[in-house]
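Everything on this sheet refers to the single structure shown next.
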Amino acid sequence: MTQPLPTNPIPGTRDFFPEEMSVRMQVFEKLYRVIESYGYLRYDGPMLEPIDLYAAKSSEEIVAHQTYVMKDRGDRTLVVRPEMTPTVARMIAAKSGSLSMPARWYSHPNLWRYERKQRGRYREHWQVNVDLFGTESWEAEAEMFEILGDMMFALGAKADDFFIRVSDRALMKAALRAVADVPDDKALDVFGVIDRMAKVPPEETRRALGELGFDPDKVLSVFSVGDPLVEFPKILTAELLASSKAWRVVTQWKEHAAPSLRELRVTFDPTVVRGFTYYTSTVFELYDASPENPRSIAGGGRYDDLVGLFGKPRTPGIGFGMGDVTLIDFLHTHGIAPAPRVAPDATVLALDEGSRAEVKRIAALLREAGLRTTTPLETKKLGKALERASKEGVRFAVIAAPAELSRGAVKLKDLVRSDEREVSIAELAASMRRALDALEVAP
RNA sequence: GUGAGUGUAGCUCAGCUGGUAGAGCACCGGACUGUGGAUCCGGUCGUCGAGGGUUCGAACCCCUUCACUCACCCCA
């Protein structure tokens, strides 16, 4: 006896059955539209990259423990992409000199990380990446938040449903040096402790900082201040603050932001750290405001040195990723996930075998008019056929029977509103289109 | 990789101190040969996650293993 093959996908991966796929497609098509409305161009890259691409500047933990690694037949060590930023930096570097800047690019890759599955985390996820290259201006930061805000609004989120936390690694590095005598090369270690601060008891954080050789009180005086907007000007110089793009965007952007975006909740939060070592200054996260789903939905930052690693002129970059898992969790938490759309618009039913040619002809007319139309593969009793169509959620049943056909007409039955009338075949498609459009407007 | 919890029909679950597997929903058919949703009647469906052990006998007890869920790590 051979073992039957398992039907479930490998751990941490998902099958997208039509219902789920429909939700995913509806969500991301809205996002594509917003991103493209800002003039961003879609690109894609290979799913496999040499491991060296990540070894340099990614996250130690991700490269060492959370990648799918393989050797190809040419003995190259390849990695299934765990993130998109190194790939896009490589592509920008490859075209260095011929691209007009700023370059606005986006993509929607599937990314793989070998980690244990948990809420909001799978091994494969689909992440929209939005990146902007070639400018040092803090308006680039502003544009990221504007796009993020419009993406969330396009999905039906309200300004209170989410918030954006921003920090600046360069600023915090300088602050640590000035206030707590932390040398720059130790700043990442301190950030690591700060990153965990919210999840561990306070004594644990103080102990860890002490072990690194720093005065916990001094370090925490930088991170645990009440409102940074009030406290930072007291402990940091005006020059330092003015040099921070993150600081400027939080303090100045709203003055000239589009009216619809002024309600966005954007706060400066020095405890935002983020794991990728390539971030040079600005780092930010978009969080779900609901306590039920306390996850970051999108995250990103500024990586001004990444393109330069490819031996090309330094090209500043900033961007973010937004993953399908946390995003769709967010939509469900707030009750704004789109309903799956898996039903055809119409089905054309024959009463007898003799009408099958007419059925095919009518179905072709409807398809030409853009209506998703099925025809039964076998002739069943009308009651059965209607029951089946109705169960599938089909809106219209077109009944092709000899009596009506002889007048050049069919019965058009609206399965949702449960009414029925005779319609000439010539007017059939237009009549159905009108009814469907009415439904779209007033669901 | 670490820790905890859970695995019984397609789904949700019941199954007594161990006695040989059930309900509801779903699905299929009929009541109804040109009209769906309701109702009624009937039917299909299980290696009780897998392997081993204890026992006269295991869905139940023990061991191992796999999968799933949640958390840690990391991050979307």
Side-chain angles (χ1 to χ4, degrees), chain A residues 1-4 6-14 17 28 31 58-67 81-85 108-130 148 192 195-196 199-200 272-277 279 283-288 293-301 319-330 347 349-352 355 379-405 410-422:
Chain A
M1 281 264 281
T2 51
Q3 283 288 326
T7 57
N8 52 322
I10 62 171
T13 64
R14 294 164 292 166
F17 291 94
F28 282 97
L31 298 188
S58 231
S59 144
E60 166 72 26
E61 169 68 18
I62 287 178
V63 177
H65 303 290
Q66 300 193 356
T67 45
R81 59 187 175 194
E83 54 153 338
M84 201 56 176
T85 309
H108 192 192
N110 54 339
L111 305 176
W112 291 74
R113 293 189 191 156
Y114 198 91
E115 61 183 327
R116 273 277 182 83
K117 194 219 166 293
Q118 59 175 307
R119 180 170 161 83
R121 289 291 175 273
Y122 283 85
R123 287 182 172 179
E124 182 190 33
H125 78 288
W126 292 81
Q127 187 188 67
V128 160
N129 276 250
V130 176
L148 274 170
D195 200 15
R196 259 166 271 128
K199 289 180 182 171
V200 300
V272 175
V273 170
R274 304 195 52 72
F276 297 119
T277 49
Y279 289 132
V283 285
F284 57 91
E285 284 174 341
L286 189 152
Y287 259 77
D288 189 342
N293 187 39
R295 293 266 174 193
S296 89
I297 293 165
F320 64 85
M322 181 185 273
D324 67 318
V325 183
T326 42
L327 180 60
I328 290 172
D329 278 353
F330 169 88
T347 188
L349 306 175
L351 277 186
D352 57 289
S355 302
T379 308
K380 292 207 169 198
K381 278 196 276 190
L382 187 56
K384 280 290 159 220
L386 288 172
E387 182 183 343
R388 182 166 305 236
S390 175
K391 210 165 279 176
E392 280 173 31
V394 178
R395 177 69 192 275
F396 293 107
V398 175
I399 302 165
E404 289 84 7
L405 285 175
V410 289
K411 274 274 172 60
L412 174 59
K413 189 176 176 73
D414 185 326
L415 292 170
V416 174
R417 295 174 39 174
S418 202
D419 58 29
E420 175 180 274
R421 65 205 163 93
E422 189 169 321

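Letters go in sequence order (proteins before strands), and every chain restarts at 1.
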From the set [options], return the single nucleotide nearest to any side-chain atom of [X].
X: A:Lys411; options: B:G34, B:A76, B:A71; answer: B:G34
X: A:Arg196; options: B:U2, B:U69, B:C73; answer: B:C73
X: A:Lys391; options: B:C28, B:G34, B:C74; answer: B:C28
X: A:Thr326; options: B:G30, B:A76, B:C70; answer: B:A76
X: A:Val325; options: B:A76, B:C72, B:G29; answer: B:A76
X: A:Leu386; options: B:G36, B:A67, B:C27; answer: B:G36
X: A:Pro11; options: B:A67, B:U35, B:C28; answer: B:A67
X: A:Ala403; options: B:A76, B:U35, B:G34; answer: B:G34

Need to verify one output field. Residue with the more 5' nearest nucleotide on RNA chain B, A:Tyr287 or A:Glu420?
A:Glu420

Residue pair A:Glu387/A:Leu286 against RNA chain B: nearer the 5' end by closest nucleotide is A:Glu387

Using only heavy-atom distances, decide whether a donor-acceptor pair under 3.5 angstrom links the side-chain of [X] to the base of [N].
X: A:Glu404; N: B:G34; result: yes
X: A:Arg295; N: B:A76; result: no
X: A:Arg116; N: B:U2; result: yes
X: A:Glu124; N: B:A76; result: no
X: A:Gln118; N: B:U69; result: no

Could you tell me the Watson-Crick or G-U partner of [N], where both distances fall under 3.5 Å? Say none if there is no partner.
N: B:C11; result: B:G24
N: B:C56; result: B:G19
N: B:C73; result: none
N: B:U47; result: none

Over how many whole Å does the gap from [X] atom [atom1] to [N] atom [atom2] extend?
X: A:Lys381; N: B:G30; atom1: NZ; atom2: C1'; value: 8 Å
X: A:Lys199; N: B:A71; atom1: NZ; atom2: C1'; value: 10 Å
X: A:Arg388; N: B:U35; atom1: CZ; atom2: P; value: 18 Å

About how many Å separate CD1 of A:Ile328 and CZ of A:Phe28, when rounded to the nearest 0.5 Å?
5.5 Å

If you measure from the Lys or Arg side-chain nitrogens to the Asp or Glu carboxylate oxygens, is any gap between A:Lys391 and A:Glu387 under 4.0 Å?
yes

So, is A:Lys413 near the phosphate of B:U35, with a side-chain N or O under 4.0 Å from OP1 or OP2?
no

Could you say whether the aromatic ring of A:His125 and the base of B:A76 stack, counting only centre distances under 5.5 Å and plane angles under 30°?
yes

Does the side chain of A:Arg123 come within less than 4.5 Å of A:Tyr114's, by heavy atoms?
yes

On a whole-Å scale, what distance lies between the C1' atoms belonging to B:G57 and B:U17?
16 Å

